[in-house]
**Student:** 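Structure incoming, see below.
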Amino acid sequence: KTVAFNPVYIHSSVGLGKSHLLNSIAWAAGASDPSLKIIYLTADHFMYHFITAVQRQSALAFKEWLRGIDLLLIDDLQFLQGKSATEFGHTLSVLITGAKQIVVAGDAPPRDLEMLDERVRSRLSGGLVVPITRFDLELRRAIVNRRTEIAATRFPGVSFPTAVIDYIAYSVTSHGRDLDGAVNRLVAANQLTNEAITVPLAEKTLADLIRKRETPRVRIDDILKIVSRHFKIPRTDILSSRRSRDVVRPRQIAMYLAKSLTSRSLPEIGRQFGGRDHTTVLHSVRKVEQLMRDDGELCQEIELLKRMLSD
DNA sequence: CTGGTTTATCCACATGCCT
DNA sequence: AGGCATGTGGATAAACCAG
């Protein structure tokens, strides 16, 4: 047998069957060679084991144990966050170097995994990266159409207006299973209440299936890049501990942007700004807000930066 | 340069919100 | 009951700024 690609990184949004795929891989590998040692873990489980191992001073034993594994599958990498992520990154790169087969899955491409350091990220990008894309609109429409036809033969009174089919196909963007679920639920609602199937009914019944418009992801990397270019100061200065005004202002503005444009927490942002304390970030945010209150020009400048970042 | 002021930063801790 | 996020109050030392 050959190790063709290592590591393999699978990414897709939630609900498209990543975990299912990972489990299938594990099962198929086990079926083809029962002697293989295969471990499937979610990232937080992995981290839990790792941390308890460190606490029990048995980190070495833990690493030995890992080395004995032939196929390691780690799921939900995006849940890996916080202060131990960097330590985890270390272990991960040791593992990858260890030449055993690794399969990792997460909900973003490797370069967006900000909690991992650059070396690990490029490590992951260097392997095989498999994106699983959503069904596109036409395919979703076709699936819904098919489902409604089946429903119509089973429940003669049921009919789906085209507008409702479009609505479902447009709004429910996750896995095919959810598209089925949407149709079933509408049929059920219709059977129970005799209410005609309309777009408003669909809106009401399917509220929880419709993922709210995901705020376009802004990465802190991008904020750093844009801010450092705009103020003509090197990115390393922003991350450094220098405190001269010409570097502090941009730094604070960047932190403010990170807080308002991403959903990262204060400690998380602090960590990415050269390991600063979360209260420093808080102070920066407030400072910038105050500066904006009594300086319209700065206000516009920051609005400009915001627009540049969220296109 | 010097002495005083401002403030970016960190720390210890409190509170509230989810599990 | 414990982790995580947001906040408060205080201390300190790095910049800043007259004189």
Side-chain angles (χ1 to χ4, degrees), chain A residues 14-15 19 41-57 59 62 74-92 106-108 112-117 207-208 211-212 214-215 217-221 223-228 230-295 297-299 301-302 305-306:
Chain A
V14 287
S19 305
L41 285 174
T42 58
D44 33 345
H45 275 99
F46 189 102
M47 203 151 69
Y48 171 79
H49 286 308
F50 175 66
I51 288 170
T52 52
V54 169
Q55 280 169 354
R56 284 207 228 106
Q57 323 262 319
F62 182 68
I74 302 177
D75 200 358
D76 288 332
L77 200 66
Q78 70 276 9
F79 291 143
L80 198 65
Q81 267 179 18
K83 50 183 179 293
S84 28
T86 39
E87 301 169 13
F88 174 84
H90 247 236
T91 331
L92 193 63
D107 72 352
D112 285 2
L113 298 168
E114 297 191 310
M115 61 286 181
L116 297 178
D117 72 41
D208 60 315
R211 93 185 33 252
K212 27 189 179 341
E214 296 172 29
T215 43
R217 274 260 205 97
V218 179
R219 280 170 301 155
I220 292 187
D221 266 0
I223 296 178
L224 255 26
K225 198 192 318 163
I226 297 283
V227 168
S228 92
H230 183 259
F231 291 99
K232 300 182 177 57
I233 57 165
R235 166 207 199 89
T236 51
D237 276 7
I238 300 183
L239 303 182
S240 78
S241 52
R242 293 189 47 214
R243 291 197 207 173
S244 24
R245 233 208 273 302
D246 51 338
V247 47
V248 161
R249 280 295 170 250
R251 180 187 298 146
Q252 290 178 323
I253 289 172
M255 288 197 256
Y256 165 82
L257 289 171
K259 188 60 200 154
S260 49
L261 259 39
T262 76
S263 52
R264 307 282 172 182
S265 69
L266 297 170
E268 193 94 21
I269 294 170
R271 223 168 285 127
Q272 299 208 38
F273 276 79
R276 290 178 154 72
D277 193 85
H278 81 274
T279 55
T280 304
V281 181
L282 183 62
H283 175 246
S284 300
V285 171
R286 288 175 172 166
K287 181 78 183 189
V288 172
E289 280 169 352
Q290 183 226 317
L291 287 174
M292 282 169 67
R293 259 196 301 281
D294 37 43
D295 182 348
E297 203 171 320
L298 179 75
C299 217
E301 198 176 4
I302 291 177
L305 288 171
K306 277 189 182 176

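As a basis for the values below, the full set of heavy atoms in this structure was taken, side chains included, without hydrogen atoms, waters or symmetry mates. Since this is a predicted model, take the numbers as computed values, not measurements. Convention: sequence-line order gives letters A, B, ...; per-chain numbering from 1.
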**Student:** Rounding to a whole Å, what distance do you find between A/H278:NE2 and B/dC11:C1'?
**Tutor:** 10 Å
**Student:** In whole Å, what is the span from the CD atom of A/E289 to the P atom of C/dT6?
**Tutor:** 13 Å
**Student:** Distance check needed: C/dA14 P versus A/R251 CZ, whole Å only.
**Tutor:** 14 Å
**Student:** Check this one for me: any side-chain N or O of A/R286 less than 4.0 Å away from OP1 or OP2 of C/dT6?
**Tutor:** no
**Student:** Does B/dT6 have OP1 or OP2 sitting under 4.0 Å from an N or O in the side chain of A/R245?
**Tutor:** no
**Student:** How many whole angstroms separate atom CZ of A/R249 from atom P of C/dA15?
**Tutor:** 14 Å
**Student:** Under 4.0 Å, heavy atoms only, any strand: does A/G275 hit a base, just the sugar-phosphate, or nothing?
**Tutor:** sugar-phosphate
**Student:** From CG of A/D277 over to P of C/dT12, roughly how many Å is that when rounded to an integer?
**Tutor:** 16 Å
**Student:** What is the separation between atom CD on A/E268 and atom P on C/dT6, rounded to the nearest whole Å?
**Tutor:** 10 Å
**Student:** Taking CZ from A/R271 and P from C/dA5, how many angstroms apart are they, rounded to a whole number?
**Tutor:** 7 Å
**Student:** Within the structure, does a side-chain N or O atom of A/T280 lie under 4.0 Å from either OP1 or OP2 of B/dA8?
**Tutor:** no
**Student:** Is there a donor-acceptor pair under 3.5 Å between the side chain of A/K259 and the backbone N or O of A/R264?
**Tutor:** yes
**Student:** Return the CE to CG distance between A/M255 and A/L266, rounded to the nearest 0.5 Å.
**Tutor:** 10.5 Å
**Student:** Closest to the A/T279 side chain: B/dC10, C/dA15, B/dT9?
**Tutor:** B/dC10
**Student:** When you measure from the side chain of A/R251 to the backbone N and O of A/S241, does any donor-acceptor pair fall under 3.5 Å?
**Tutor:** no
**Student:** Return the value, rounded to whole Å, for the distance between atom CD of A/Q252 and atom C1' of C/dA15.
**Tutor:** 13 Å
**Student:** Side chain of A/S244 only, heavy atoms from C-beta on: which candidate in C/dC16, B/dA8, B/dT9 is closest?
**Tutor:** C/dC16
**Student:** Charged N to carboxylate O below 4.0 Å: is that the case for A/R271 and A/E268?
**Tutor:** yes
**Student:** Could you check whether A/L282 gets within reach of a base, just the sugar-phosphate, or nothing at all, counting any heavy atom under 4.0 Å?
**Tutor:** base
**Student:** A/R242 side chain N/O closer than 4.0 Å to the phosphate oxygens (OP1, OP2) of B/dA8?
**Tutor:** no
**Student:** What's the closest nucleotide to the A/R243 side chain, out of B/dC10, C/dC16, C/dA15?
**Tutor:** C/dA15
**Student:** Do NZ/NE/NH1/NH2 and the carboxylate oxygens of A/R235 and A/D221 come within less than 4.0 Å?
**Tutor:** yes
